[in-house]
Amino acid sequence: MTGIAGAAGDLLTVSDLHVRIHARHGVVRAVDGVSLEVPAGEAVGLVGESGSGKSMTLRAILGVLPPEAQITAGQVVLDGTDLTQLDTRQLNNFRGPKIAMIFQEPMSALNPVMRVGPQIAEGPLVHLGLTRAQAAERALDLMRRVGIPDPERRYRSFPHEFSGGMRQRVMIAMALACDPALILCDEPTTALDVTIQDQILRLLAKLCRESGTSLVFVTHDLPVVAQVCHQVAVMYAGRIVERGSVQEILTSPQHPYTLGLVGSAPDIDHPRASLTAIPGAPPSLVSPPPGCRFHPRCKFAEQDCQEIEPPLLLLAGGRATACLHHERCSEVAEMEGAGQ
Amino acid sequence: MGRMTFVIRRLLLLVPTAIGVTIIAFFMIHLIPGDPARTILGIHATPKAIAILHRQWGLNRPLASQYWLFMDRLLHGNLGQSLYYNVPVAHLVTSRLPATLWLICYAAVIAVVISVPLAMIAASRKDAVRDHIVRAVPLLGLGMPAFWLALILQTELAVRFRLFPVTGYGSGVVGHLHSMFLPSLVVAIALCPVVIRSLRASMLNVLGAEFVTTARAKGVGSLRLFVRHVLRNAVIPAVTVLGINIGFLIGGTLIVEQVFAVPGIGSLMINSIFQRDFPVVQAIALVFGVMVVLVNLLTDVAYAALDPRVRFDR
Amino acid sequence: MSAIALAPAVTERATPRRAHWYRQPALLAGLIIVALILFVCIAAPLFTSYNPDTQNLNATLQSFSGHHLLGTDQEGRDTFTRLLYGGRTDLRIAFIAVLFPFVLGTILGSVAGYFGGWVDMIIMRLVDIVVAFPFFVLVIALVFVLGAGERSIYVAITLVGWVSYARIVRGEILVAKRQEYVLAAQAGGLSSLRVMARHLLPNVITQAIIYAMSDIVQDILAIVTLSYLGLGIQPPAPDWGTMIADGQNFLTTHWQLTTIPGLAVVVTGLGLSLIGDGLADLLRPGQS
């Protein structure tokens, strides 16, 4: 179904991942056959609208799905180990030292009754066998690295005493605490002001460059991806519909959905006369439309789109797309001069 | 700074309630049908005795001035004179208060010790068999008369198997712990259903919270996760619930003290009812009322101490 | 552009929705238990030919037998009979006793919630004060003051018990009165009384009813405890509390005299609590 073999240098390989959620009205196929490769030292973006399954994918990788969700098929291979086969205790050895996660809403993602310093120090304390004092030292160090001013005093502060941007820096410090090789970011800047967003993104990009950490960056915001990532995968209705480098995706998308995303993203460098929204609404994940899941909203839809579920086709240069008529996108893109 | 003013402000808010409590206690005497003095004295109602009581309680005066007399005495620590023992009620109360306080605290501790692990067991796997058991068993406790349980435990564990003293308070700390175990257990069991239910609910609430996912994502082990993250947050609403139900705890001590003959103010109240010793009954009702008010204050303070967000929101 | 197929043709059966009351196991179990107990107590003459007061000094302190299902007490009275007739008394008083605070509390709570202002303040202040006393302390003090017996029980429970209903109803009304249907009724020129009675109350009463279930249990316990102390139902009227008191000296030899009435209270309480829980689950806006 994917046709893409993992390259030897890949840090993380997700193969054909399926996640089902048991809701009251049926079983939701939240992640329906997703495959992803994250090379060491690179940042891979995962873009899609809400409900596309991108957050679920991240949580499935780390094994922190909500109780009503389950991985029903697929593999998540990190450093040669399939994480889906591990139990909680074994997984805990990975969480922190090998792979960490940053969440979207830092106010609810931080323990409100625990001081910030000990929360950052908790990882090293549990995983690296440091003493309390050593872990505290390390936490202070991390706080400096992420740019929290006056760390000695702030160490003993509670989360609610920080601003949104500062809290997110705390989350980043927590993620970096045990020097993981991979950090999963679940829309870390969505809940922040635009100016703060920029700061946090720069911080993330810088830190990852410096320590060679890989990122999987989930967002619904295309321009954000452009700022941080090298590679991008676009998700729709629980599946990956396109993949490629950031440059390529933004300049010449090969899937109508990506085209729509690019077209609907405001770009201050290239103001356009009008933004084009994607008509319609995301499909039900309990019983998705037959054939290509995007076809009800797609302006290039043809007869075969309703019948055949397009596989992820490999294109030149490591690109991939799940559209049977992707050439149409190129034509349109050239005509409209899609922004970069 | 913030915490002090918080406590003081809460205290001030309690003043009207405290005054209201005294009004109700004061008013009880006027609910007595007929002439209170005569009714209370019953067969000892000689004209002289009636006249003495009338003077003591100021029954001839207008209502407001009676209340003033009552409050004046109260603020001087005078709770009246016991008709039965003929000593100041305040003495009786202070001599018997420690036993009741012991019972209340001991019962609260036992209730917590029983409830917290059970709630954790239930919340850790919602809707599983153990969850249903933990939720179902306390339903029996809700309808259980405390004195009945007291009688049974007393007969089995104290009389038959001689594990505990049958009655009394014991002497010395160890003696108290031994003698008061059964009474405190009974009171705790009466309290547990409510505490378990609300602890479980707040734990489930916390378990679904984002920061628990964060902690899991950090690879924090189950035990540490539960104690440092879940429990620490779940106790906050539970403390409030415990505080609200303190009335039940205290109310339960009355009959338990009676069955186990614990020399506390609860059994004093009941005996005084049998002896028709109105001043004592009135005074103890007042004391209980004040106790509840104080415990509510304590609960608020504890809540503020446990939840760091509170101080700043105020 | 074709229309989006959104109708969820469910591919797998998820947990069935619990919309029907008879599907709620707790509610069903509770109703069955309570119905059984009520039936047996009300139809007592069908189940026993003895009289609860008849003494038979030749047959005292007997154990279970064909003649006396649960044995006899120290005055030769049949325990089973006393149990059933005692249930009649206790349950009758408890069910009536819960009505007065319910009505009083609902009225005061509605007034407080609907009108707000100083009316609200006064009523809530009163609530705070009454709540400051432990329920049983105040009840027993009032019963003492008013004299022992059934009437005092009603008065005492009413004077003390109304506060919970007032709080609940007031809370519900505070929320409900902002709803559109209330504003529509008010805009239509309806009097406050009519708005409260016809529009608000029916929607607000469910929480009070749920609470009433646990309140009945509390009342039963209070009645039984008062009777145990001799301050409640006066002998020779049969009642579970008095039975427990009568039997307490025989606990080591004839345990059934005290244990069984207590069990009756426990089971009744269980049934009523199940009803309360079941109702609460049923009426709560659906959760997974």
**Message:** Does atom CZ (C:Arg167) have a neighbourhood of more than 12 heavy atoms from anything else shown, all under 6.0 Å?
**Reply:** no
A side-chain contact here means heavy atoms from C-beta on lying under 4.5 Å apart; do C:Gln218 and B:Phe248 qualify?
yes
Cut-off 4.5 Å, heavy atoms of chain C, and the answer for B:Ile270 is side chain
Okay, C:Val131 and chain B: the region with an atom under 4.5 Å from a heavy atom over there is backbone
When the 4.5 angstrom heavy-atom criterion is applied to B:Met269 and chain C, the contacting part is side chain
ask   = Does a side-chain heavy-atom distance below 4.5 Å link B:Trp148 with C:Val224?
value = no
Rounding to 0.5 Å, atoms CE (C:Met213) and CG (B:Leu142) come to a distance of 14.0 Å
When every non-hydrogen atom of B:Val293 is compared with those of C:Ala132, the smallest separation belongs to CG2-CB, 3.7 Å
Chain C shares the most heavy-atom pairs under 4.5 Å, among B:Ile246, B:Ile29, B:Leu140, with B:Leu140
Greatest number of non-hydrogen atom pairs under 4.5 angstrom with chain B, of C:Ile140, C:Leu142, C:Leu274, C:Val217, falls to C:Ile140
The side-chain contact (heavy atoms from CB on, under 4.5 Å) partner of B:Leu139 among C:Leu270, C:Leu272, C:Val266 is C:Leu270
Residues 246-261 of chain C vs salt bridge (charged side-chain N to carboxylate O under 4.0 Å, His left out), sequence neighbours excluded, gives C:Arg77-C:Asp246, C:Arg82-C:Asp246
Value for CG (C:Leu126) from CD1 (B:Ile24), rounded to nearest 0.5 Å, stands at 6.5 Å
Turns out that what part of C:Val137 lies under 4.5 Å from chain B's heavy atoms comes down to both
Just wondering, do C:Thr225 and B:Gln258 contact through their side chains at under 4.5 Å, heavy atoms? no
Comparing C:Ala245, C:Ala222, C:Ser273, C:Ser214 against chain B, the one with the most heavy-atom pairs below 4.5 Å turns out to be C:Ser273
Under 4.5 Å to a heavy atom of chain C? For B:Gln282 that would be neither
Those residues at least two apart in sequence (or on a different chain) that pass ring pair (Phe, Tyr, Trp, His ring centres under 6.0 Å) with B:Phe260 are none
Cut-off 4.5 Å, heavy atoms of chain B, and the answer for C:Thr268 is neither
| query | Is the number of heavy atoms from other residues, nucleotides or ligands under 6.0 Å of B:Tyr84 OH greater than 12? | reply | no
Against chain C, residues from residues 188-196 of chain B with at least one heavy atom under 4.5 Å, in numeric order, are none
The interface call for B:Val290 against chain C, heavy-atom contacts under 4.5 Å, is neither
Interatomic distance, CD1@C:Ile244 vs CG@B:Leu151, rounded to 0.5 Å, equals 7.5 Å
B:Leu31 and C:Leu146 have their tightest heavy-atom pair at O-CD2, 3.6 Å
Max heavy-atom pairs within cutoff under 4.5 Å with chain B, candidates C:Phe136, C:Phe144, C:Phe135, goes to C:Phe144
**Request:** Step through the shown structure and confirm whether more than 12 heavy atoms of other residues, nucleotides or ligands are within 6.0 Å of CE on B:Met71.
**Result:** yes
Residues of residues 152-165 of chain B with a heavy atom under 4.5 Å from any heavy atom of chain C, in residue-number order, are B:Ile152, B:Thr155, B:Val159, B:Arg160
Look at atom CZ of C:Arg151 and say whether more than 12 heavy atoms of other residues, nucleotides or ligands are closer to it than 6.0 Å.
no
Greatest number of non-hydrogen atom pairs under 4.5 angstrom with chain C, of B:Ile250, B:Leu286, B:Val281, falls to B:Val281
Closest non-hydrogen contact found for C:Gly262 with B:Pro145 is O-CD, 4.3 Å
On a heavy-atom basis, the closest approach of C:Leu221 and B:Met144 is CD2-C, 3.8 Å
Ranking C:Asp128, C:Thr259, C:Ile220 by heavy-atom pairs under 4.5 Å to chain B gives rank one to C:Thr259
Applying a strict 4.5 Å limit to non-hydrogen atoms, the region of B:Phe274 in contact with chain C is side chain
Quiz prompt | B:Phe288 and C:Leu138, any side-chain heavy atoms less than 4.5 Å apart | solution = no
The interface call for B:Leu254 against chain C, heavy-atom contacts under 4.5 Å, is side chain
